[in-house]
Every structure is written in C-alpha cells, then in structure tokens.
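The structure appears right after this line, and notes come after that.
What you are looking at is a predicted structure, and each value in this text was computed from that prediction instead of being measured.
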Amino acid sequence: MPSALPLADPAPADGLLPASASDGASERSFGVYLHVPFCRVRCGYCDFNTYTATELRGVRQSDYASQASLELAAAAGVIEASGLPARAASTVFFGGGTPTLLPSGDLVRMLDATRDAFGVEPDAEITTEANPDSVDARYLAELAAAGFTRVSFGMQSAVPSVLATLERTHDPARIPLVVEWAREAGLDVSVDLIYGTPGETLADWQRSLEHAIAQRPDHLSAYSLIVEDGTKLARQIRRGEVAEPDEDLQADMYELADRMLTDAGFDWYEVSNWSRGERHRSRHNLAYWRGGDWWGVGPGAHSHVGGVRWWNVKHPAAYADRVLGGVSPAAGRETLDAETRETERVLLLARIREGITVSSLHAAGRHAVAGLIADGLIDAKAALSGSVRLTLTGRLLADAVVRRLLADDESIS
C-alpha cells in the first residue's frame, strides 16, 4: 500500500480536467452530491464541514441555492470543455449539514439546476438527508412533488441520554411522525443510527434498534461512533469528562444490529448498511464504493471524475466569492496514480456484499485468500466461486482484511 496519497495540485481557475478523466467515462455512473453546510447547532462528535448562523461571516443561507446553481452551471461547461461525454445524473444526493434547514423551494431550485446542467435520468434516485425536527408533512410532500424519491432521517438513537451526549436536539417521539409523513408523500425512508456513544449500554442500543425497526424503514445505516480529532467530544475524552468508546462493546453492538435487522427482513449490502432487498439500497453510495464519477457541489464538497479528485474551498464566504466571481471553487486536486487507485478499489469493493473478484487481485492478494478463509474472515463458498466476500467476523475486521489483500508481493516469498 502507498504510504500517502499523491501530493495535491493547484486547482485551475477554470476548473478544466485533464484529458485522462474522459477515459472510459461512458462506462461509469455519474452522480451529483450537493453539500448544504448549515446546522442549527454543532454536535460535539461531528467534524463535517458545517456552520451555525454565528459562523457564517455575513453569508446568508437564503443566497445559497443561487450560489450552488452557479457552480452547477459552471460544472456543465467544464464537462463539455474537458471533452467528457454528456451524462445525465443517475443519482442526486443532498447532504450536510442539514439540507432541510433551507426552505423546500431552495432544494427544489438546486435540483432543477442539476437537471439544467447535466440532465437527470427518469428513474434517478434523488435523496435528501433530514433532521427529524426540520421537516413537516407539507415540506416532504413538496420535495416528493418536485421529484425527490428518498429521505434519510438522522435518528442516531432513541435514548434521550445518548442523544444528549451526542448533542442531538430532536425528540425520539418525532421519528414515527416524520416517517409517516414521508410515506404519505411517497418517499422511500432511510434511518441513520450511531452506536458506541460514551455511556451507551447494549440495552440502550437494543432499544434504539427496536424503535428504528418498528418504523419499518426501507433502509437503515448503523455507524460506530468515531472520535475525530478537533471535535468537542475528543476534547471531553482527553479531559476525562466522558469515557472513550469501548471497541469490544461496539463489536457486540454491531453483531446485535446485524442479528436484529436480519430477523426483521433486512439484508446487509455494505458493512454499515442494510436494506429491504436490492431495490432499496442506496444507489448513490454504491456508486462511490464501485468507483463511479460524481460532482460535489458546495463548500468543502469533494468530487471524483476518472481518477481525478478535487475539493472545494471550505468556508461558505470563500465559496460565495469564488462562484460569484466566475472562478472555480476548487481549492486543490490530485490525479490518482495506479497504485492509489488499486488501493481504493480494493478498500471500497471489499466492503460491499458482492465483494471483489479474486482474479482482479494481484498475486499477493490472491495468495492471502486461503488464510482469510481459514481465519473465518471471508466466505469459503464464495471464494471458491471466485469472489472475496466478508463474513460477519470479516465485517468487524474489514480494515485488516483489506490490508492482507493489499499486502506487497514480497510478503509471499
């Protein structure tokens, strides 16, 4: 594995991409991610690029839809001028932050701008994330009428004390209401949970799972809490105010989640994601894991097209200055070398249910398969059929599996 990612290049003011980005583009999916960087409060565990009202330095949330639309229009020009084939978006995802802090009409304007810039496939998956306390029935109905197909609610927990530690502000009792409103609007429903919060017990986690399953969502994500440097939670742990997450307990929580979700009719399709059959999998996230192309819009958004990765300036004020001035908002970019692209391919494909073909691995990776079977980390039957697929234990140790699949060839001599 490479010791570090390639050094970033300066991003050109016109945003044009190198000719190599067009290689094989017509065979890759194309999605659009729209980052809405606004939150009512900053949760102590979160290190996403988000801003509360007091941190905006004169930027107005009400101007954001227009600014994002300018980037979308410019992106269409970059695609054409760079010689890339025109591709309609097969997925559109609004993330944050809290996209639903904006009026529904602003999200609709950005979706319309996406249609104008790239086109959107007739059966496209169009998702927004939402906090349960930031939407009502009318809001969700307006999104559905405009073409949104899916909403992902940040439930995180059903236990008030856990929500308080995470500094989440919604009432767990609101979850059934928002799910019902989304259903009435005709939207698919996903629910996000976090496990391993300091002070959370296995019984707490079971209660959250039971509450989530009772809503009969189409899709559920369960992420282990990761303490990110620079967050309020990291400082609290460093000062001894709260306990560090217990990795053994987190493993028990994951196993409980998989058992309860399987019993409730969900299938895992990625290490942290379950759905009620293939139709309800997140197509947008699958495109990330399968190496598709996507254009990220907004402050701090990342993009990837044909092995070229770039990222926008982080602060909304700097972003506004760039797009209003007709300059690419990209702050930097890198063209991934062959070794890095292979590392990322294995890292991402190994996490999904279908896994990665044995024949596509280098010699050392193929040699590692027998040991991974013996250690119970990959499915023996699938491996004999030519695919590396994680077992439940393998999912808990996915990073270790990837390291062995990417071992240097010298390790087999």
Atom [atom1] of [X] and atom [atom2] of [Y]: how far apart are they, to the nearest 0.5 Å?
| X | Y | atom1 | atom2 | answer |
| --- | --- | --- | --- | --- |
| C43 | L166 | SG | CG | 7.5 Å |
| R115 | L72 | CZ | CG | 12.0 Å |
| I194 | M253 | CD1 | CE | 12.0 Å |
| L249 | T197 | CG | OG1 | 10.5 Å |
| S190 | H219 | OG | NE2 | 4.5 Å |
| I356 | I378 | CD1 | CD1 | 11.0 Å |

- Parallel under 30°, tilted from 30 to 60°, perpendicular over 60°: which one fits the rings of F118 and F30? perpendicular
- Item | Parallel, tilted or perpendicular, as decided by the 30° and 60° cut-offs, for the rings of Y254 and Y195 | tilted
- Task: Assess whether salt bridge (Lys or Arg N to Asp or Glu O under 4.0 Å) is satisfied between E342 and R345, documenting all intermediate values.
- Result: CA-CA 5 Å; E342 175 62 9; R345 184 185 75 88; 2.9 Å; yes
For this output row, return yes or no: ring centroids of [X] and [Y] closer than 6.0 angstrom.
| X | Y | result |
| --- | --- | --- |
| F153 | H170 | no |
| Y33 | H302 | no |
| Y319 | H315 | no |

Quick check: closest heavy atoms across [X] and [Y], and the distance to 0.1 Å?
| X | Y | answer |
| --- | --- | --- |
| W295 | V78 | CH2-CG1, 3.7 Å |
| K381 | D379 | N-OD2, 3.2 Å |
| S328 | R322 | O-NH1, 3.0 Å |
| P316 | L56 | CG-CD2, 4.0 Å |
| N49 | P299 | ND2-O, 3.1 Å |
| I213 | A264 | CG2-CB, 3.7 Å |

Looking at [Y] and [X], is there a salt bridge between them, counting it only when a charged N and a carboxylate O are closer than 4.0 Å?
| X | Y | value |
| --- | --- | --- |
| R150 | D218 | no |
| E255 | R259 | no |
| R87 | D293 | yes |
| R404 | D375 | yes |
| E270 | R281 | no |
| E55 | R40 | no |
| D63 | R60 | yes |
| R183 | E180 | no |
| D112 | R109 | no |

Using a 3.5 Å distance criterion without hydrogens, assess whether the side chain of [X] forms a donor-acceptor pair with backbone atoms of [Y].
| X | Y | value |
| --- | --- | --- |
| R235 | G230 | yes |
| R174 | P132 | yes |
| H284 | S90 | no |
| T391 | L377 | yes |
| R309 | H304 | no |
| R333 | V308 | no |

- Validate the cation-pi geometry between R276 and F266: distance from NZ or CZ to the six-membered ring centre under 6.0 Å, angle to the ring axis within 45°.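 Positive - R276 is close enough to the ring of F266 and near enough to its axis.
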- Query: Name the one of F48, Y51, Y64 that satisfies ring-ring contact (aromatic ring centres under 6.0 Å, His included) with F38?
  - Reply: Y64
